[in-house]
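Before we start, here is the structure in question, set down as structure tokens.
Just so it is clear, the values below take in all heavy atoms, side chains as well, and ignore hydrogens, waters and symmetry mates.
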Amino acid sequence: MLKGLLVDYAGVLTDPDAALLYEYLRDARANGTRTALVSNAPGAAPGVKTELAQYFDALVFSGEVGVAKPNREIYLVAAERIGLAAPRCVFVDDAERNVRGAVAAGMVGVHHRSIAETLDELAALFS
């Protein structure tokens with residue numbers, strides 16, 4: 001059973017309709033799904049981290065962990081930080097190579113093209 005949702009920032013959470021995905025993340029957490037942000041950014045300012053903390057159980061920035069997507073290790077770090085094995089996690093990214101990296105790490109991958117498509121796919125996976 002899938003219990004973890006890992007999401008990229010740029011290209012996914014910056015989508016014009018991202019408010020719907022943020023709402024999904026909030027609801028998913030309230031219903032027991034563990035969530036993590038996985039970003040190739042060097043890090044984030046404390047205020048940004050505080051804002052994101054309402055949606056994510058863990059924030060994983062490549063600049064802070066020393067490994068970047070699509071290296072499988074970053075996905076494993078994120079899964080460990082939310083207390084789950086990789087096969088219990090779904091990873092969402094707009095870059096297909098990053099999705100392939102997560103799949104190579106044992107996760108289910110979702111290639112983000114639009115918020116509507118991503119939400120439909122997540123609804124099917126987490127039903």
statement: In terms of heavy-atom contacts, Arg97 and Pro70 come closest through NH1-CD, 3.2 Å
message: Please evaluate residues Val110 and Val90 with respect to the criterion side-chain contact (heavy atoms from CB on, under 4.5 Å), reporting the C-alpha separation (whole Å), side-chain torsions for both, the decisive distance (0.1 Å), and the verdict.
response: CA-CA 7 Å; Val110 173; Val90 174; 3.7 Å; yes
field: Which residues share a side-chain hydrogen bond (donor to acceptor under 3.5 Å, both in side chains) with Glu23, sequence neighbours left out
entry: none
- prompt: Taking only residues at least two apart or on different chains, which pairs with a member in residues 92-113 satisfy ring pair (Phe, Tyr, Trp, His ring centres under 6.0 Å)?
  reply: none
field: Non-neighbouring partners of Tyr22 that pass ring-ring contact (aromatic ring centres under 6.0 Å, His included), sequence neighbours left out
entry: Tyr55
query: Does Ala10 offer a backbone N or O that forms a donor-acceptor pair with the side chain of Thr14 under 3.5 Å?
result: no
message: Tell me whether Ser62 contacts the main-chain N or O of Ala68 through its side chain, where contact means a donor paired with an acceptor under 3.5 Å.
response: no
- request: Can you see which heavy atom on Ala105 is nearest to which on Ala86, and at what distance?
  value: O-CB, 3.2 Å
query: Do you reckon Val92 sits in the same ILVMFWY cluster as Leu119, going by side-chain contacts under 4.5 Å, direct or chained?
result: yes
- request: Please say whether more than 12 non-hydrogen atoms of neighbouring residues, nucleotides or ligands are located less than 6.0 Å from CD in Glu80.
  value: no
- prompt: Hey, is Lys49 close enough to Glu64 for a salt bridge, meaning N to O under 4.0 Å?
  reply: yes
query: Going by heavy atoms in the side chains, are Phe126 and Leu5 under 4.5 Å from each other?
result: yes
- request: Compare every heavy atom of Ala36 with every heavy atom of Phe56, then report the nearest pair and how far apart it is.
  value: CD2-C, 3.3 Å
- prompt: How many angstroms lie between CG in Asn31 and CZ in Arg26, if you round to the nearest 0.5 Å?
  reply: 13.0 Å
field: Side-chain heavy-atom pair Leu13, Leu37 within 4.5 angstrom cut-off
entry: yes
query: Atom CG in Asn40, atom NZ in Lys69: separation rounded to 0.5 Å?
result: 5.0 Å
query: Linking Ile, Leu, Val, Met, Phe, Trp and Tyr by side-chain heavy atoms under 4.5 Å, what else ends up with Ile74?
result: Leu6, Val38, Val60, Val65, Val67, Tyr75, Val77, Ile82, Leu84, Phe91, Met107
message: For a 4.5 angstrom cut-off between non-hydrogen side-chain atoms, does Arg81 reach Leu59?
response: no
statement: To the nearest 0.5 Å, atom SG of Cys89 lies from atom CZ of Arg34 at 10.5 Å
field: Main-chain N/O of Arg29 paired with Thr33 side-chain donor or acceptor, under 3.5 Å
entry: no
task: For Thr35 and Asp57, indicate whether the former's side chain and the latter's backbone hold a donor-acceptor pair under 3.5 Å.
output: yes
query: side-chain hydrogen bond (donor to acceptor under 3.5 Å, both in side chains) with Asn98: which residues, sequence neighbours excluded?
result: Asp93
statement: On a heavy-atom basis, the closest approach of Ala79 and Ala85 is CB-C, 4.4 Å
statement: CD1 (Ile115) and CG (Leu21) are apart, to the nearest 0.5 Å, by 4.5 Å
- request: Not counting sequence neighbours, which residues clear side-chain hydrogen bond (donor to acceptor under 3.5 Å, both in side chains) with Glu73? List them please.
  value: none
- request: Would you check if Leu25 and Val7 make a side-chain contact, meaning some heavy-atom pair closer than 4.5 Å?
  value: yes
message: What I'd like to find out is whether the side chain of Thr118 reaches to under 4.5 Å of the side chain of Val12, using heavy atoms alone.
response: no
task: Verify the cluster assignment for Tyr24 and Leu52: are they in a single hydrophobic cluster under the rule of side-chain heavy atoms below 4.5 Å apart?
output: yes
query: Rounded to the nearest 0.5 Å, what separation is found between the CG atom of Asp94 and the OG atom of Ser114?
result: 12.0 Å
